[in-house]
There are 2 protein chains.
Amino acid sequence: MVTIADVARHAGVAPSTVSYVLTGRRSISSATKARVEASVRALGYHPHAGARSLASNRANVLALVLPMREGMHMPVLMQFVVAVANAARRHDHDVLLVTADQGAAGLRRVAGSAQVDGLLVMDVEMHDERVPVLRDLDRPSVLIGFPADAAGLTCVDLDFAEAGSRCVDHLADLGHTYVALVGAPRAVYQRDTGFAHRTMAGFSAAAMRRGVSSTTLPTETDHESVRVAITGLLERHPAVTGLVVHNEAALPSVVEVLRSLGRKVPDDVAVIAICPDDQAERLMPPLTSVAVPAEQLGHHAVALLMAKLDRTPTPPLTLLPPRLTERASTTR
Amino acid sequence: MVTIADVARHAGVAPSTVSYVLTGRRSISSATKARVEASVRALGYHPHAGARSLASNRANVLALVLPMREGMHMPVLMQFVVAVANAARRHDHDVLLVTADQGAAGLRRVAGSAQVDGLLVMDVEMHDERVPVLRDLDRPSVLIGFPADAAGLTCVDLDFAEAGSRCVDHLADLGHTYVALVGAPRAVYQRDTGFAHRTMAGFSAAAMRRGVSSTTLPTETDHESVRVAITGLLERHPAVTGLVVHNEAALPSVVEVLRSLGRKVPDDVAVIAICPDDQAERLMPPLTSVAVPAEQLGHHAVALLMAKLDRTPTPPLTLLPPRLTERASTTR
DNA sequence: GCCCGGTTTCGAAGCGCTTCGACTCACCAC
DNA sequence: GTGGTGAGTCGAAGCGCTTCGAAACCGGGC
């Protein structure tokens with residue numbers, strides 16, 4: 001193994017000088033700097049991560065806490081994971097995966113052992129058992145999602161309430177008077193996941209405000225369940241002419257079922273999805289949608305965490321404004 | 001921060017004794033052991049990971065190298081990730097995520113900095129740029145998948161050739177004389193991904209051997225592409241009565257398109273999927289399938305890597321035998 | 001010619017752990 | 001009794017890095 005002492009010898013300087021070149025924590029003359037950098041390359045030197053973390057008290061690793069729960073949509077989840085990993089790398093950090101089957105103990109372990117400098121927590125429930133743990137951990141954390149009590153925490157999320165509301169507004173503006181929210185699987189609501197609740201709240205409130213009738217139903221993701229759910233919905237509420245779908249996995253089936261029922265989109269039924277843009281674009285017809293900006297959220301969360309690590313003050317709550325893109329599924 | 005010295009003082013022993021209790025590398029009297037363990041709990045001690053890795057030359061972390069490429073199916077990928085993470089934890093290791101947008105340099109970095117003890121590499125291509133790097137890294141690695149030249153490497157995978165072959169056999173046994181392979185998206189073949197090629201090879205060879213006619217077509221994942229592809233397939237090859245689908249994302253659409261074309265499954269067309277069991281079960285009708293045992297593969301890969309870390313001899317190549325489960329989509 | 005301030009570099013301490021050799025006790029065989 | 005043995009424990013060295021204080025150097029002003 002090549003050590004900093006080897007590099008120092010090769011470049012004819014002291015080990016501390018090499019360290020300062022690498023970390024940039026003291027000014028070094030450009031001549032020395034160039035010489036050291038050449039030696040680093042020549043020897044193929046990589047600082048020992050453990051030694052560095054021991055001496056500097058920074059591991060340059062972030063924990064990504066990722067529970068795997070029923071009803072979660074993997075493609076979207078994966079977009080988050082990749083966005084976080086890439087953003088972390090841009091800040092010279094790596095990502096340690098903590099799947100939550102280890103629960104709160106896992107958080108204590110990775111934080112307590114100084115394996116990670118900070119934590120990024122996904123799929124936050126309203127009353128999440130991890131929240132109190134995060135509060136008394138000595139490491140900073142950022143939640144993607146909101147618990148019921150966010151005091152003392154830093155959270156980022158899409159403004160799902162506003163997203164639900166914008167969908168209703170768009171439909172109401174187009175003259176629809178009866179709209180339905182096709183929501184996440186029942187399990188997601190049952191465990192009180194913040195984003196599902198907030199979309200529903202925003203949806204219902206906007207319907208009241210705009211004076212349009214509304215109904216909501218949780219929906220499973222398999223095709224057969226979707227068929228039953230949508231068919232039932234349109235039978236019970238024949239006046240429904242606008243659908244807001246907040247369920248990425250069910251989305252293709254919803255479109256397909258409407259087609260097979262002979263309901264033309266958008267002529268008979270308008271459809272708005274709350275999902276990543278690329279998915280909305282790929283369906284036939286392309287769907288008007290409120291984007292779930294997974295990439296942007298991931299980057300933002302990492303940026304906030306890095307700021308906290310730098311002791312820069314950060315806003316406790318960040319709600320990204322929803323962006324609605326009109327496509328073929330709601331045009332008159 | 002609580003250090004090993006604090007624990008030692010609290011328990012009235014030397015730091016080295018605490019270390020031996022924790023690592024189990026020397027025998028310790030049960031009385032002392034109990035006392036130390038009580039102190040560890042009382043003080044909430046977690047060994048500093050960096051210090052440990054520096055002193056012992058082991059980080060207890062595995063890298064999971066995960067390229068994100070076109071045409072990959074996220075749910076299956078995620079199953080692997082979770083299986084690997086859980087298996088690693090059972091061996092007292094954590095998982096560091098390396099998304100491959102960093103390419104070979106990323107591997108060099110995490111291995112060179114002693115951040116990880118070993119590497120798990122996914123989505124291996126036939127001529128993968130990472131393979132030569134892995135060979136000259138000083139850390140052990142296990143590939144999930146096979147490159148063209150696997151000399152000097154440890155690889156695990158499902159025996160996809162045999163899987164393709166078993167599907168043909170099953171259909172031939174049922175009397176089918178013209179079968180088609182509905183394969184992965186074109187991009188997957190274009191970048192020479194091992195598993196896609198091997199399935200196709202096994203499929204074609206078995207068709208020859210059994211004397212049944214066969215055809216193959218790559219298939220994109222969106223519904224419309226699937227509709228065009230399947231419709232075209234059945235027009236060009238009207239005698240086809242058996243479909244082998246090796247494309248998880250397209251699977252629901254394939255079933256749906258057959259239904260909408262009025263082809264009954266299994267009466268008009270038999271369908272076998274190569275996909276995780278849970279997906280095959282959830283479709284209507286439930287599909288006969290060869291399981292892609294993501295969980296088992298993940299566990300196996302971790303077990304092999306741990307063995308290599310222990311310097312236990314390991315088989316260079318492991319092919320898990322495919323398991324075909326008969327369900328409603330191929331019953332006569 | 002000397003002092004002073006700033007810049008650049010050096011040397012040594014120390015981060016928290018593991019590990020090796022050595023020490024201490026019992027205990028047993030002779 | 002004495003020597004040998006093995007189990008249990010201790011102490012100190014050292015892993016590779018960062019960081020702090022101090023030394024060395026370089027001009028510029030007097």
A/L120 and A/V95: side-chain contact (heavy atoms from CB on, under 4.5 Å), yes or no, with the steps?
CA-CA 10 Å; A/L120 242 36; A/V95 170; over 6 Å; no

Looking only at side-chain N and O atoms, does [X] come under 4.0 Å of OP1 or OP2 in [N]?
| X | N | value |
| --- | --- | --- |
| A/R26 | C/dG6 | no |
| A/S29 | C/dT9 | yes |
| B/S16 | D/dC10 | no |
| B/T3 | C/dG16 | no |
| B/S56 | C/dT18 | no |
| B/R52 | C/dG16 | no |

Between [N] atom [atom2] and [X] atom [atom1], what is the distance in whole Å?
| X | N | atom1 | atom2 | answer |
| --- | --- | --- | --- | --- |
| A/H46 | D/dC17 | NE2 | P | 12 Å |
| A/N57 | C/dC17 | CG | P | 12 Å |
| B/L54 | D/dG14 | CG | P | 14 Å |

Test for a donor-acceptor pair under 3.5 Å between the base of C/dC20 and the side chain of B/Y20, counting only N and O atoms.
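Per atom types, the contact qualifies.
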
Taking C-beta and beyond as the side chain, do A/D6 and A/S39 meet within less than 4.5 Å on heavy atoms?
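No, their side chains stay 4.5 Å or more apart.
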
A/D136 with A/R108: basic N within carboxylate O range, under 4.0 Å
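Salt bridge: yes.
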
Should the pair B/R58-B/D92 be classified as a salt bridge under the 4.0 Å nitrogen-to-oxygen rule?
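B/D92 and B/R58: not salt-bridged.
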
May I ask you to list the residues of residues 4-11 of chain B, by number, that have any heavy atom positioned under 4.0 Å from an atom of DNA chain D?
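Contacting residues: none.
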
